[in-house]
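Structure, as structure tokens:
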There are 2 protein chains.
Amino acid sequence: MDELLEADGRALKHVRVREYVRNLVSGSAPGSPAPSERELVQQFGVARMTVRQAMDALVVEGLLERIPGRGTFVARPRRTASRITGYTEEMTRRGMLAESQTLLARREQAGPGVARALSLTEGDALIHWRRLRRADGVPMCIEDAYLNEILLPGFLQSGMPTSLYDALDARGLRPTWAEDSIQADKATAEEAQLLEVEPLTSVLRHSRRAICGDKVVEVSRSVYRADRFTLWVQLGSDA
Amino acid sequence: MDELLEADGRALKHVRVREYVRNLVSGSAPGSPAPSERELVQQFGVARMTVRQAMDALVVEGLLERIPGRGTFVARPRRTASRITGYTEEMTRRGMLAESQTLLARREQAGPGVARALSLTEGDALIHWRRLRRADGVPMCIEDAYLNEILLPGFLQSGMPTSLYDALDARGLRPTWAEDSIQADKATAEEAQLLEVEPLTSVLRHSRRAICGDKVVEVSRSVYRADRFTLWVQLGSDA
DNA sequence: TAGTGGTCTAGACCACTAT
DNA sequence: TAGTGGTCTAGACCACTAG
């Protein structure tokens with residue numbers, strides 16, 4: 001007998017069928033046939049509605065595709081929207097070494113703009129974290145992150161992490177939604193000095209408001225050297 | 001009797017129930033209760049599985065939320081990824097008047113880069129459409145669009161539309177997926193002249209590869225005046 | 001013609017919530 | 001205790017596809 005049929009007899013029947021089918025087809029090429037519903041009814045000794053419930057879940061998930069009169073097949077993988085990433089993950093993905101140098105990390109009182117963006121009240125305490133970020137040892141961007149202290153108790157005291165997004169992840173606060181704005185501009189004198197370019201060199205300004213559920217977890221403004229950085233974005237998703 | 005119960009007796013029962021519930025709750029505040037499943041069984045004289053099928057669809061859609069032991073309620077609207085829009089729709093959304101002046105519209109042979117981006121073979125025929133695009137009468141961007149002629153038969157002959165995306169829509173080719181890249185740069189002499197700015201002024205370069213299903217429907221390169229344009233992007237979606 | 005998924009019935013028992 | 005959604009059964013008929 002298939003060991004998966006025996007595994008965890010306490011599990012719900014439709015879950016057992018679902019996971020059996022998931023394991024069966026994982027790795028199969030798109031278009032490969034899945035077992036027919038009546039076949040699974042026989043194998044598992046359950047009602048057809050139970051099998052349909054299991055298969056429905058996999059169809060909604062995008063793993064399977066039903067074709068009336070033909071059968072159920074492994075679906076072409078759906079394109080999905082970009083994972084929301086921070087600097088460290090993004091540069092690593094590009095095969096570069098991401099490093100950061102903290103220029104400033106302290107509690108501040110929220111000004112009107114940042115307060116609104118973070119869904120705080122003006123004057124509330126927030127964390128302001130400014131970093132010079134390098135890629136392969138060369139300055140890439142200056143990032144000012146503003147964080148809600150309430151969501152990150154002890155953050156400043158616990159030693160700053162390399163990756164803000166890893167730290168958010170660890171607290172179950174990885175953003176699932178982000179509102180970004182992107183502008184072309186020229187570097188100010190101070191920015192130019194930090195980025196090691198001439199003043200008035202082209203830079204890309206990138207602002208983000210990152211949200212997890214109902215909570216605004218990060219508001220940030222970054223300025224990237226235009227000669228080193230192209231922003232890539234994937235939009236939309238398959239129906 | 002409720003007129004919706006009578007409407008289109010040919011429709012499938014689960015569809016009738018689904019649309020009845022959709023109409024009933026549309027406009028209701030999140031958290032408002034939907035009818036209970038057994039209530040709908042009574043009202044429509046159908047089996048409970050049929051009602052569950054109807055409700056399942058609305059739950060997957062994100063309109064309803066089930067809470068075991070309590071009931072079914074109107075869900076908080078999900079955040080969804082940005083609709084993929086073109087210049088005309090985007091400027092209209094910003095409350096500006098979008099106008100375009102065609103600088104060039106002709107068949108060309110695909111060069112290596114554009115061929116690969118459009119999933120064509122080098123030397124294949126494509127449509128090259130260059131426009132100066134204004135917002136409220138002032139130059140905003142120059143856009144070079146490259147289109148697969150096979151997908152748009154008679155496009156050049158039929159008179160160019162104002163909105164490429166409307167034209168794609170009409171042919172069932174509205175992109176559901178886009179891969180964009182964004183860079184900061186300085187205007188070339190030619191770009192500066194068309195955009196009515198000084199040479200070396202900051203510009204935002206925006207490239208797009210837009211896809212509908214398996215078909216690459218548009219490859220474009222746009223250059224925006226940085227003093228007039230900020231790109232906005234929403235990323236991710238609720239789970 | 002045999003097999004497939006799509007729809008539908010008329011029940012059942014369970015765990016959970018609210019009163 | 002009454003009501004809710006969650007799970008499950010054992011059938012049924014339909015339209016469609018493929019050999």
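Note on naming: letters A, B, ... go to the chains in the order of the sequence lines (proteins, then strands), and numbering restarts at 1 for each one.
- Side chain of B:Leu12, nearest nucleotide from C:dT7, C:dA10, D:dA10: C:dT7.
- D:dG3 atom P lies 12 Å from atom CD of B:Gln42, rounded to whole Å.
- The separation between B:Ile67 atom CD1 and C:dA18 atom C1' is 13 Å, rounded to whole Å.
- As rounded to whole Å, 15 Å separates atom C1' of D:dG5 from atom CG of B:Leu58.
- Remark: side-chain polar atoms of B:Arg76 are not paired, donor with acceptor, to backbone N or O of B:Gly31 under 3.5 angstrom.
- Counting only heavy atoms from C-beta on, A:Lys13 has its side chain closest to D:dC8 among D:dT4, D:dC8, C:dT7.
- Residues meeting the side chain to side chain contact (heavy atoms under 4.5 Å, CB included) test with B:Ala178, sequence neighbours left out: A:Leu235, B:Ile84, B:Asp180, B:Arg208.
- Here D:dG5 is the nucleotide among C:dT9, D:dG5, C:dG5 with the atom lying nearest to any side-chain atom of B:Arg52.
- Between A:Gln53 and B:Glu39, the residue anchored nearer the 5' end of DNA chain D, judged by the nucleotide with its closest heavy atom, is B:Glu39.
- Classification of B:Arg93 and B:Glu89 as a salt-bridged pair fails, no side-chain N sitting under 4.0 Å from a carboxylate O.
- Between the NE2 atom of B:His14 and the P atom of C:dG6 there is a distance of 10 Å, rounded to whole Å.
- Between the side chains of A:Glu218 and A:Tyr165, a donor-acceptor pair is found at a separation under 3.5 Å.
- Side-chain contact annotation: B:Arg221 with B:Ser207, donor-acceptor N/O pair under 3.5 Å absent.
- Atom CZ of B:Arg16 and atom C1' of C:dC8 are 12 Å apart (whole Å).
- In this structure, A:Ser36 does not reach the C:dG3 phosphate: none of its side-chain N or O atoms is under 4.0 Å from OP1 or OP2.
- In this structure, B:Val25 and B:Leu58 have side chains that are not in contact, with every pair of non-hydrogen atoms separated by 4.5 Å or more.
- Comparing C:dG6, C:dC8, D:dG6 by their closest approach to the side chain of B:Glu37 singles out D:dG6.
- Rounding to whole angstrom units, CE of residue B:Met49 and P of C:dG6 are separated by 14 Å.
- Judged by distance alone, the side chain of B:Thr121 and the main-chain N or O of B:Asp124 form no donor-acceptor pair under 3.5 Å.
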### Query
When Watson-Crick pairs (N1 to N3 and N6-O4 or O6-N4) and G-U wobble pairs (N1-O2 and O6-N3) count only below 3.5 Å on both distances, what is the dot-bracket string of DNA chain C, with | for other-strand pairs?
||||||||||||||||||.
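- Ranking D:dT9, D:dG5, C:dC8 by closeness to the B:Thr50 side chain, first place goes to C:dC8.
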### Query
What string of B, S and - do you get for nucleotides 13-19 of chain D, 5' to 3', if B is base contact, S is sugar-phosphate-only contact and - is no contact with any protein heavy atom under 4.0 Å?
---BSS-
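- Regarding B:Phe73, its CZ atom lies at a distance of 12 Å from the P atom of C:dT17, rounded to whole Å.
- Side-chain contact of A:Glu179 with A:Trp177: a donor-acceptor pair under 3.5 Å is present, judged by distance alone.
- Side chains of A:Trp129 and A:Leu164 form a contact here, defined as non-hydrogen atoms less than 4.5 Å apart.
- A straight line from CE of A:Met55 to P of C:dT7 spans 15 Å, rounded to a whole angstrom.
- Within the 3.5 Å criterion, the main-chain N or O of B:Leu104 finds no donor-acceptor partner in the side chain of B:Arg130.
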